[in-house]
There are 2 protein chains.
Amino acid sequence: LDKLTIIGTGLIGGSVGARLRLAPARPTITGFDRDPHALRDALALGVIDLAAATAAESVAGAEAVLVATPVDHIGSVFESIAGALAAGAVVTDTGSAKAGVVAAGEAVLGPRFVGGHPMAGSERHGVGAAEPDLFEDAWWILTPTERTAPDAYRTAAALVASVGAKPIAVEPTAHDSLIARLSHLPQLVSSAVVQVAAADEPQESLLGLAAGGFRDVTRIAASDPDLWVSIIRANAKAVLEALDGLGSSLGRLRSAIDEGQWDDLRGFLAGARDARLELFAKAVYTGAPVALTLLIPDRPGVLAEVTREAGELGVNIEDLQIFHSTEGGRGRLELVVAGREAGERLLGRLEALGYHVEMGLPDR
Amino acid sequence: LDKLTIIGTGLIGGSVGARLRLAPARPTITGFDRDPHALRDALALGVIDLAAATAAESVAGAEAVLVATPVDHIGSVFESIAGALAAGAVVTDTGSAKAGVVAAGEAVLGPRFVGGHPMAGSERHGVGAAEPDLFEDAWWILTPTERTAPDAYRTAAALVASVGAKPIAVEPTAHDSLIARLSHLPQLVSSAVVQVAAADEPQESLLGLAAGGFRDVTRIAASDPDLWVSIIRANAKAVLEALDGLGSSLGRLRSAIDEGQWDDLRGFLAGARDARLELFAKAVYTGAPVALTLLIPDRPGVLAEVTREAGELGVNIEDLQIFHSTEGGRGRLELVVAGREAGERLLGRLEALGYHVEMGLPDR
């Protein structure tokens, strides 16, 4: 990658630039931000090399474009840059909700677009908080669909890997439901618990008696309200479903307590404990890279299917390449994953889907 | 205080004994526990001086009696000891719900009883986990009523202070409502958020993508279900009220999102943020607060190690927060202590343990 454009030079965009600045083969980075102060700061900090006057101007000649604006501005950025992109330029984004962004991206930009969402962040904001190691070892979800061009996925995954993150493919709607439950619901609940604690409290100072559990549960309630309104708004449908799920769950708890069904309450708490303890004990695949090679019919749906299978297994695809047969019709897809165990699990899944797969060492 | 009885020689009772053992004017402590193993261990560890065969026997001649059994056994302990108490003996307890315990205590024991609840604890249980500094600088709520004898309160407050805690008086029903909202509701909500996240999840491994906010909110969901059933059960009425308050709060959120009332959502989140930021701003500092920030591996032992170092130095940690920057990687621990001298002493100890520590002004 020789020329990259970052639109939105805040915490995320700035951290990408800060990391690439340290890379041995550093791309030239052009930045744009609708806030001229943020753009000037990004230039002064050296996380971008050039500041463009408009979004359209910023993408001229770029091989890849990262849109890292607030999620509610992403669609309009796509509109602004669509006519100015170089042939073969790939566009990806960092929005926290994906179904809407991917629909807009594919409608405006076509197969060159692949959605993304880094699973890393900070309580702080703006390019001043940017850190080169923000994404180190973090997951970075990519959301390819049957429309996505394989080369677009490959470029996006390589960009993600180049800042230290692990790309993993998830279907856009599944992403939104997952993130609603893992991020947006906890945020709303944390705020609601604070509101309940603070409501009708004559002995205000007693709230300071709260012990560690309360502190943990309500820590994220101190987050930026404006940021969260735009995040929730972009994922409203999945958030409402998650809220309804929580409502049912709390309803079960309420009945158990009201009716003195203490075994039910115990079962609920024990189930949650077991799930919480297992949650972060899931296999993290590591090891020397192995390559899976499979013959594929030359149709676009294959990429989405294969990457989604990997995502469901928690296997991140470190590299991906499609070799088209000169005779046409069929091609060869090469995936690189971390470690033999991950490779064997994915191989099993793909063979069950009817693919012929071979495992070996990567070419590089 | 020359003669103290501790009934229930677990974590709380054992920690009281362990602390008093170090006191210059140490009282003679008689212990009783319905679990003979727990009682034998308490004697072996030296947190009690004498082991009694029954609860009634244990209180003979005692000036003060601390009932530190599980909350659902406290009432029957009162019945057992009522006839055996010396004239002028004071009784207090450590139950997590107070209205029921206080009513029982006053009915059975009269004005000599004052309820109590230490705002300290541990994830661990039993006398083996007892620590002399468990209550150091912690709040210890006492719940005197108009029936309580002033001398009973005075004795209980002196006992509390003698183990390093700060006594504070709260009305029993207000205590129960407060603790329902500050402790019991967060516990239930944390479990419910895990249940929602884990429900109907075909892509199981993707739950591991959860970022720091989810980890914070669900940390206490890993607590002991049996312990929590008895705690919730003893405070069922106030917990149901807190659950109803949360239901209304979440209902407001749901409507705002469903109807696209984004200003309402923003107002809700902003109110919660302000309340959360004010909540722990009540501390009384003995010096200007300084912050120590250290990078830590993401494992539970670190917190205990760091706080123990602070405790051994006599440095009171005014605030403490963990920021998880990336999944499964490293985190950042921020401690706020009172005064530069305390900060420098703790910094030296932590650096000697191999931590990289920076000292500065706290964020807030």
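Here is how names work: the chains are called A, B, and so on, in the same order as the sequence lines, proteins then strands, and each is numbered from 1. Just so it is clear, the model here is predicted, and its values are computed rather than measured.
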Measuring from [X]:[atom1] to [Y]:[atom2], what's the distance to the nearest 0.5 Å?
X: Phe214(A); Y: Met119(B); atom1: CZ; atom2: CE; value: 13.0 Å
X: Ser190(B); Y: Asp216(A); atom1: OG; atom2: CG; value: 8.5 Å
X: Leu250(B); Y: Leu188(A); atom1: CG; atom2: CG; value: 8.0 Å
X: Gln187(A); Y: Leu253(B); atom1: CD; atom2: CG; value: 10.5 Å
X: Leu269(A); Y: Trp228(B); atom1: CG; atom2: CH2; value: 9.0 Å
X: Arg273(B); Y: Ile220(A); atom1: CZ; atom2: CD1; value: 14.5 Å

(request) Heavy atoms only, distances under 4.5 angstrom: which of Ala222(B), Ser183(B), Gly251(B) has the most pairs with chain A? Name it, please. (result)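 Of Ala222(B), Ser183(B), Gly251(B), Ala222(B) has the most heavy-atom pairs under 4.5 Å with chain A.
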(message) I'd like to know which of Ala270(B), Ala192(B), Gly245(B) tops the heavy-atom pair count under 4.5 Å against chain A.
(response)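 The option with the most such pairs is Ala192(B).
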For the candidates [options], which exhibits the highest count of non-hydrogen atom pairs separated by less than 4.5 Å from chain B?
options: Ser230(A), Pro186(A), Ala180(A), Ser191(A); result: Ser191(A)
options: Asp226(A), Leu185(A), Leu240(A), Val193(A); result: Leu240(A)
options: Asp263(A), Leu243(A), Asp224(A), Ile257(A); result: Ile257(A)

(request) Find out whether Gln195(B) and Arg276(A) are in side-chain contact, i.e. whether some heavy atom of one side chain is under 4.5 Å from a heavy atom of the other. (result)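 With C-beta onward as the side chain, the pair stays apart.
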(request) Let me know if Leu265(B) has heavy atoms under 4.5 Å from chain A in its side chain, its backbone, both or neither. (result)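 It is both, since atoms from each part get that close.
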(message) Between Asp274(B) and chain A, with a heavy-atom cut-off of 4.5 Å, which part of the residue counts as in contact: side chain, backbone, both or neither?
(response)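 Neither the backbone nor the side chain of Asp274(B) comes within 4.5 Å of chain A.
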(request) Identify the heavy atoms of Ala275(A) and Val194(B) that sit nearest to each other, and give their distance. (result)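 So the minimum-distance heavy-atom pair works out to CB-CG1, 3.5 Å.
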(message) Looking at Arg181(A) and Ala197(B), would you say the former's side chain and the latter's main chain have a donor-acceptor pair under 3.5 Å?
(response)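 Present.
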(request) Tell me, for Leu246(A) versus chain B, whether the close heavy atoms (under 4.5 Å) come from the side chain, the backbone, both or neither. (result)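 Both backbone and side chain of Leu246(A) come within 4.5 Å of chain B.
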(message) Can you list everything that forms a salt bridge (Lys or Arg N to Asp or Glu O under 4.0 Å) with Asp258(A)? Sequence neighbours excluded, please.
(response)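 For Asp258(A) the salt bridge (Lys or Arg N to Asp or Glu O under 4.0 Å) partners, ignoring immediate neighbours, are Arg254(A).
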(request) Kindly check if the number of other-residue, nucleotide or ligand heavy atoms within 6.0 Å of CD (Glu358(B)) is above 12? (result)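 Open.
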(request) Would you please go through residues 232-239 of chain A and name the residues with a non-hydrogen atom below 4.5 Å from one of chain B, in numerical order? (result)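 Expected list: Ile232(A), Arg233(A), Ala236(A), Val239(A).
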